Novice: 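I have a structure I would like to understand better, so I am pasting it below and will then ask my questions one at a time.
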Amino acid sequence: MRFVKKPSPANVKARHPLPEGEGRLLERYFFERPVLKVARDLLGKYLVRRYRGKVTAYMITEVEAYDGPKDKACHASRGRTERNKVMFGEAGHFYVYFVYGMHWMLNIVTGKPGYPAAVLIRGVEGVNGPARVCKKLHINKKLNGKLAAHKSGLWFEDGGIKIPAEKIKRTPRIGVAYAKEWAMKPYRFVFD
DNA sequence: ACGATGATGAAC
DNA sequence: TTCATCATCGTA
């Protein structure tokens with residue numbers, strides 16, 4: 001956790017477009033790129049939550065890329081459905097869904113509109129596991145389809161930290177063994 | 001190693 | 001309407 005503070009409305013307005021945290025808001029164009037690049041670049045960035053008036057930022061430490069209709073581990077590989085439709089829309093929007101009868105998963109949509117891809121946020125500083133991230137940040141269905149921006153109460157910031165390539169490990173994704181040859185692709189990104 | 005726990009999507 | 005599945009986690 002980088003900081004915890006109460007934003008005063010005056011302060012937020014005065015500092016726009018660098019409100020809330022001290023980092024720079026990641027705008028939509030950051031996410032309008034190939035999902036593997038976005039995934040890699042999200043490491044070291046901050047996921048920032050405003051909840052009940054308090055703002056907290058967490059450095060992102062672990063992500064996974066889900067890459068379009070041909071990726072058998074990606075929900076979009078079974079076509080567009082009510083659940084996954086957000087992935088087919090504009091980059092920079094959250095795709096949040098419920099699994100195993102008890103856990104929420106947070107994804108951010110990437111790439112060009114119409115191409116269904118997203119990055120799963122698997123871990124942040126001090127919080128390992130995608131379900132724990134959502135529990136800690138109070139993330140649920142209400143954020144599904146929302147733009148990652150201040151008004152949503154959940155967004156990303158660049159805190160000026162660049163994780164060097166040699167610190168980043170790529171591994172197969174977790175929990176997608178059913179995806180056959182796609183299960184072994186090194187689409188998970190982590191750093192120490 | 002396994003059970004919890006319920007929404008989702010596809011089959012029937 | 002029923003049923004298998006599921007991008008997980010806590011307990012053992």
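Chain A is the first sequence line, chain B the second, and so forth, proteins listed ahead of strands; every chain is numbered from 1. These numbers were taken from a predicted model, which means no experiment stands behind them.
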Novice: Between Arg78(A) (CZ) and dA11(B) (P), how many Å, whole number?
Specialist: 12 Å
Novice: Between Lys141(A) and dT8(B), is there a side-chain N or O to OP1/OP2 distance below 4.0 Å?
Specialist: yes
Novice: Of all the nucleotides listed (dT8(C), dA7(C), dG6(B)), which has the minimum atom distance to the side chain of Phe98(A)?
Specialist: dG6(B)
Novice: Which nucleotide, dG9(B), dG10(C), dC9(C), lies nearest any side-chain atom of Arg132(A)?
Specialist: dG10(C)
Novice: How many Å lie between CE on Met102(A) and P on dT8(B), as a whole number?
Specialist: 16 Å
Novice: For the residue pair Thr56(A) and Arg49(A), confirm or rule out a side-chain donor-acceptor distance under 3.5 Å.
Specialist: no
Novice: In whole Å, I'd like the distance from the OH atom of Tyr66(A) to the P atom of dC6(C).
Specialist: 12 Å
Novice: Report the base-pairing partner of dT8(C) (Watson-Crick or G-U wobble, both distances below 3.5 angstrom), or none.
Specialist: dA4(B)
Novice: I want to verify a distance call: between dG10(C), dC9(C), dC6(C), whose nearest atom is closest to the Val99(A) side chain?
Specialist: dC6(C)
Novice: Any idea how Tyr95(A) and His75(A) line up, ring-wise: parallel (<30°), tilted (30 to 60°), or perpendicular (>60°)?
Specialist: perpendicular
Novice: Kindly confirm or rule out a cation-pi arrangement of Arg28(A) over Phe31(A), judged by NZ or CZ under 6.0 Å from the six-membered ring centre and within 45° of its axis?
Specialist: no
Novice: Met184(A) CE to dA7(C) P: how many Å, rounded?
Specialist: 19 Å
Novice: For Ala73(A), answer base if it contacts any base atom (sugar-phosphate contacts may also be present), sugar-phosphate if it contacts only those atoms, and nothing otherwise; contact means non-hydrogen atoms under 4.0 Å.
Specialist: base
Novice: Report yes or no: is there a donor-acceptor pair, N or O only, under 3.5 Å between the side chain of His75(A) and the base of dA7(C)?
Specialist: yes
Novice: Counting only side-chain nitrogens and oxygens, does Tyr178(A) get under 4.0 Å of the OP1 or OP2 atom of dA7(C)?
Specialist: yes
Novice: Classify the nucleic acid contact of Met105(A) as base, sugar-phosphate or nothing, counting any heavy atom under 4.0 Å across all strands shown.
Specialist: sugar-phosphate
Novice: Of all the heavy-atom pairs spanning Ile139(A) and Leu143(A), show the shortest one and how long it is.
Specialist: CG1-CD1, 3.9 Å
Novice: To the nearest Å, how far apart are His103(A) NE2 and dT8(C) C1'?
Specialist: 4 Å
Novice: Measure from CZ on Arg80(A) to P on dA10(B) and round the result to the nearest Å.
Specialist: 14 Å
Novice: With the threshold set at 4.0 Å, does a side-chain nitrogen-carboxylate oxygen contact exist between Asp41(A) and Arg33(A)?
Specialist: yes
Novice: So, do Tyr100(A) and dA4(B) meet the stacking rule of ring centres under 5.5 Å and planes under 30°?
Specialist: no
Novice: Closest approach to the side chain of Thr81(A), judged atom by atom: which nucleotide of dT5(B), dG9(B), dC9(C) is it?
Specialist: dG9(B)
Novice: What integer distance in Å separates Ile174(A):CD1 from dC9(C):C1'?
Specialist: 13 Å
Novice: May I ask you to verify if any side-chain N or O of Arg83(A) is less than 4.0 angstrom from the OP1 or OP2 atom of dC6(C)?
Specialist: no
Novice: Could you check how far OH of Tyr97(A) sits from P of dG6(B), rounded to whole Å?
Specialist: 18 Å
